[in-house]
Amino acid sequence: MKRLLLPLLLTGVAAAGGACCGSGAAQREETYYEKHVAFGDATQEEKLSMAARLVPTPEQLAWQQWELTAFIHFTVNTFTDKEWGDGRESPDVFAPTEIDTDQWVETLRDAGFGMVMLTAKHHDGFCLWPTQTTEHSVKNSRWMEGRGDVVAMLRRSCDKYGVKMGLYVSPWDRNAACYGTGKAYDDFFVRQITELLTDYGEIAEVWFDGANGSEADGKHQVYDWARYIRTVKELQPGAVTAIMGDDIRWVGNEAGRGRAEEWSATALAPASVGLKDPTPAVEALTETSPDLGSRAILDEAKELFWYPSEVDVSIRPGWFYHASEDEKVRSLEALKEIYFASVGSNSVLLLNVPPDRRGRIHENDARRLHEFGEWLRRSFARNLAAGGDTLWTARAGEAREFDVKDGPFDAVMLQEEIAKGQRVERFRIEVSDDGRTWETAAEGTTIGYKRIVRLPEARTARKLRVTIDGTRAPARISHVGLYLTE
Ligand code: FUL
């Protein structure tokens, strides 16, 4: 139980039935475990039941419901045509000619994105806000005579358009002299995030990647993740922390590919906060493992985390803007694939849209985002499954039938009420024209927050039947939808 004594934020145990620490199966049945559950001496059967009652924090749940979030990669690299700066760029290099954060946020909001996250500092160390911690920032740029502040501009635009704001802050800093010196750098980094999380209103997501300079620069910094994450939680209790944080997991690739079987309740421990068990039960698990939470994993696991997946991918080949990629903006077809593989596969999409040297989202990207938004609105405007929004409960093997309203469909959407946990292990979708003979249209494993299954082609039917073939506890299905997406 050592881990339970670790950070409070991972151990909250909400007991719906009053008791939270009993040992009998019945007592465990009534208990919900927020964010983390340790199995102790539970039997395999009890473990299944406990796994089914592992639930997200309110912040993780809200984050999952945003579905579409956007990354803005913008810094000196935009002007040097690089992906990674080396930290020796002059602050004058950063010189957007027509910066328009309203255009970023309005374009993204219109396409359905509810959160916009800016690279306040990338690996080159250049700060897009006038920080007190270093001279390497916009305050020493000729841009706006040193009075510019991109973070503040984005804040105003997010407020104007009712969009949440997130910040990417790179711990790897190729400019800071103290990088690689241990505590002095930790102090410096904590001062930077303190400024960002104090002076710019409500921050919804903080994104830390794990990059470290030892290979490139010969400087090795051991990051004090526990302290960084604690700082975020103290200053912005409503924020979720991603990747090296402990709320949101990297899906494992940057190509927009989610897993067909995606468990938010996973045996993979968050990468930070000292949670790595020196003797993990499921040793080989990493973010890229194909299976993070099936029954096979559960059988071996000593504990589980609510640690849901985020799919980060760029609308262009690079993360930063390069004029040479203007004709390489992903096609609408590619964005649809990414949507189904992320939002449609129990993940949140974090789509990067890098502003150009003017400081605007380029016309080609803006046009594609507009098309994507239009497609989303058209596709999911009308649910053809009558009564599909009524919550229902199914034990393993139980099914429910729905009348199909007129019109063809080519996608089935299923949602679990994840506030009560992720439970479904196997489902089947059948259709019928007469209510007597049924044809299997699709089968799958996990549902989670949202699962969209595409059918090979558009078709019609009079009835739809959803069978929950396998579930860890009575499944709570909150949405069954039938849509035409093409
Ligand atoms: C990575 C960085 O190295 C890339 O430049 C980019 O910011 C990506 C989202 O995270 O770790």
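Each ligand, and each atom within it, is numbered from 1 in the order the structure gives. All values below come from the heavy atoms of this structure, side chains included, with hydrogens, waters and symmetry mates left out.
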Does a side-chain heavy-atom distance below 4.5 Å link Trp66 with Val348? no
I'd like to know whether ligand 1 has Phe71 as a neighbour, heavy-atom separation below 4.0 Å. yes
Pi-cation contact, Trp104 with Arg156 (under 6.0 Å, within 45°): no
When only distance counts, is Tyr168 in polar contact with ligand 1, meaning an N/O pair under 3.5 Å? yes
Run the numbers for me: atoms of ligand 1, each under 4.0 Å from some heavy atom of His73, listed by number. 6 (C), 7 (O), 9 (C)
Side chain proximity check, Gln60 to Lys35, heavy atoms < 4.5 angstrom: yes
Does some side-chain heavy atom of Leu351 sit less than 4.5 Å from a side-chain heavy atom of Leu369? yes
Okay, side chain of Tyr223, backbone of Trp172: is any donor-acceptor separation there less than 3.5 Å? yes
Contact (N/O only, under 3.5 Å) between His123 and ligand 1: yes
Does any N or O in the side chain of Gln236 come within less than 3.5 Å of the main-chain N or O of Gly201, such that one atom is a donor and the other an acceptor? yes
Looking only at distances, can you tell me whether any N or O atom of His122, backbone or side chain, sits closer than 3.5 Å to an N or O atom of ligand 1? yes
List every atom of ligand 1 that sits less than 4.0 Å from any heavy atom of Asp209, numbering the atoms from 1 in the order shown and giving each element. 1 (C), 2 (C), 3 (O), 10 (O), 11 (O)
Does ligand 1 have any atom that is closer than 4.0 Å to a heavy atom of Trp172? no
